[in-house]
Amino acid sequence: MRNRFDEQLQQLHIELIQMGALCEDAISQATEALLKKDAELAERAMESEREIDQKERIVESLCLKLLLQQQPVAGDLREISAALKMISDLERIGDQAADIAELTRYITIPSESGKLHIADMARATAAMVTDSVDSFVRRDLELARRVMAADDRVDRLFDRVKAELIELIAADAQNGELGLDLLMVAKYFERIGDHATNVAEWVEYSITGEHPESNDKQRL
């Protein structure tokens, strides 16, 4: 019975790794679509989002089978329960990457805008997503906590992008609509960072049995 449980748990890990990789792909594709105004990459990001939704259903079904058929206890139960929570955040990451991709049809980024730091936000959040899932599979508490700490860097990058966009609009009021669109993109990246942090917090719960205290900002 335990061997069967371990096999299913290993499959759960594989599915989660694949879901995390799809999220990373969606973020990368949406970012490149934005920076290069590439409609094909935008469509690929939205296709990745649809694959993420499908993967969420697969992982949810596997978790429910483990709960109902194997009746796990203690640490195993926490691990499966945490996985169910994590896939909700990963699905939202996919949604927000698709939202960024959707915005690319309306945005042309001038060279003097916040392009550089938006790209930095994208790289930072993609790394957080990958590390949060890795920390779950490897049961690496320190890596999970590094993901939580990395959210502060994403928040600082968001503040830099806001400052850049204020300068862009101040230089030419006609940049107002562009500035608002880019601010929305930056906000999506900030939310991706928040969701990756949520995943890392559920990893800590799965390992220690204690969920970290929520910070002051609401993660949507």
query: Do Asp53 and Arg57 pass the side-chain contact (heavy atoms from CB on, under 4.5 Å) test, and can you show the C-alpha distance, the side-chain angles, and the key distance before you say yes or no?
result: CA-CA 7 Å; Asp53 287 347; Arg57 291 189 289 271; 4.1 Å; yes
- request: Let me see the working for Gln11 and Glu15 under side-chain hydrogen bond (donor to acceptor under 3.5 Å, both in side chains), right down to the final yes or no.
  value: CA-CA 6 Å; Gln11 185 60 38; Glu15 298 291 350; 2.8 Å; yes
Working to the nearest 0.5 angstrom, can you tell me the gap between [X] [atom1] and [Y] [atom2]?
{"X": "Leu9", "Y": "Arg4", "atom1": "CG", "atom2": "CZ", "answer": "12.0 Å"}
{"X": "Glu49", "Y": "Asp25", "atom1": "CD", "atom2": "CG", "answer": "13.5 Å"}
{"X": "Ile93", "Y": "Ser132", "atom1": "CD1", "atom2": "OG", "answer": "6.5 Å"}
{"X": "Ser61", "Y": "Glu56", "atom1": "OG", "atom2": "CD", "answer": "12.0 Å"}
{"X": "Arg138", "Y": "Ile207", "atom1": "CZ", "atom2": "CD1", "answer": "10.5 Å"}
{"X": "Cys23", "Y": "Leu90", "atom1": "SG", "atom2": "CG", "answer": "4.5 Å"}

Holding to side-chain contact (heavy atoms from CB on, under 4.5 Å), I want the full list of residues that pass it with [X], two or more places apart in sequence or in another chain.
{"X": "Asp172", "result": "Gln174, Asn175"}
{"X": "Arg44", "result": "Gln29, Glu40, Leu41"}
{"X": "Ala124", "result": "Arg153, Val154, Leu157"}
{"X": "Thr104", "result": "Ala33, Leu34, Ala42"}

Does [X] have any salt bridge (charged side-chain N to carboxylate O under 4.0 Å, His left out) partners at least two apart in sequence or in another chain, and if so, which?
{"X": "Lys187", "answer": "Glu190"}
{"X": "Asp38", "answer": "none"}
{"X": "Lys85", "answer": "none"}
{"X": "Glu102", "answer": "Arg105"}

Mind checking whether [X] and [Y] have side chains closer than 4.5 Å, heavy atoms only?
{"X": "Thr31", "Y": "Ile100", "answer": "no"}
{"X": "Gln10", "Y": "Asp6", "answer": "no"}
{"X": "Leu64", "Y": "Glu60", "answer": "yes"}
{"X": "Gln8", "Y": "Gln69", "answer": "yes"}

message: Has Ser206 got a side-chain atom pairing as donor or acceptor with Val203's backbone, closer than 3.5 angstrom?
response: yes
Test log, rule side-chain contact (heavy atoms from CB on, under 4.5 Å), inputs Leu77 and Val73: CA-CA 5 Å; Leu77 180 59; Val73 295; 5.7 Å; no
task: Please collect all ring pair (Phe, Tyr, Trp, His ring centres under 6.0 Å) contacts where either partner lies in residues 144-184, sequence neighbours excluded, each pair once.
output: none
message: Taking ring pair (Phe, Tyr, Trp, His ring centres under 6.0 Å) as the cut-off, I'd like each qualifying pair that reaches into residues 130-153, sequence neighbours left out, listed once.
response: His13-Phe136
task: List in chain and number order the residues that pass side chain to side chain donor-acceptor pair (under 3.5 Å) with Arg145, two or more places apart in sequence or in another chain; answer none if no residue qualifies.
output: Glu204
- request: Not counting sequence neighbours, which residues clear side chain to side chain donor-acceptor pair (under 3.5 Å) with Glu47? List them please.
  value: Arg50
Tell me whether [Y] is reachable from [X] by hopping between hydrophobic residues (I, L, V, M, F, W, Y) whose side-chain heavy atoms are closer than 4.5 Å.
{"X": "Leu143", "Y": "Val129", "result": "no"}
{"X": "Met184", "Y": "Met121", "result": "yes"}
{"X": "Tyr205", "Y": "Val133", "result": "yes"}
{"X": "Ile169", "Y": "Tyr106", "result": "no"}
{"X": "Ile58", "Y": "Leu16", "result": "no"}

- request: Tell me, with the steps shown, if Glu177 and Leu180 meet side-chain contact (heavy atoms from CB on, under 4.5 Å).
  value: CA-CA 5 Å; Glu177 185 175 354; Leu180 289 174; 5.9 Å; no
- request: Considering only NZ, NE, NH1 and NH2 on the basic side and carboxylate oxygens on the acidic side, decide whether Arg92 and Asp89 come within less than 4.0 Å.
  value: no
Heavy-atom closest pair, residues [X] and [Y]:
{"X": "Ala144", "Y": "Ala200", "answer": "O-CB, 3.4 Å"}
{"X": "Met19", "Y": "Ile87", "answer": "CE-O, 3.5 Å"}
{"X": "Ala101", "Y": "Ala30", "answer": "N-CB, 4.0 Å"}
{"X": "Asp131", "Y": "Val147", "answer": "CB-CG2, 3.5 Å"}
{"X": "Gly94", "Y": "Ile52", "answer": "CA-CD1, 3.7 Å"}
{"X": "Leu22", "Y": "Ser48", "answer": "O-CB, 4.2 Å"}

- request: List the steps, then state whether side-chain contact (heavy atoms from CB on, under 4.5 Å) holds for Leu84 with Val59.
  value: CA-CA 8 Å; Leu84 280 169; Val59 174; over 6 Å; no
query: So Trp202 and His211, would you call those rings parallel, tilted or perpendicular, with 30° and 60° as cut-offs?
result: perpendicular
- prompt: Distance only, no hydrogens: is a donor on one side chain within 3.5 Å (strictly under) of an acceptor on the other, for Gln18 and Lys55?
  reply: yes
- request: Decide if atom NZ of Lys37 counts as having more than 12 heavy atoms of other residues, nucleotides or ligands within a radius under 6.0 Å.
  value: yes
Verdict with supporting geometry, Glu24 and Thr130, side-chain hydrogen bond (donor to acceptor under 3.5 Å, both in side chains): CA-CA 7 Å; Glu24 188 177 0; Thr130 300; 2.7 Å; yes
- request: Evaluate the criterion salt bridge (Lys or Arg N to Asp or Glu O under 4.0 Å) for residue pair Lys162 and Asp159; output intermediate values, then yes/no.
  value: CA-CA 5 Å; Lys162 281 197 298 184; Asp159 290 338; 3.7 Å; yes
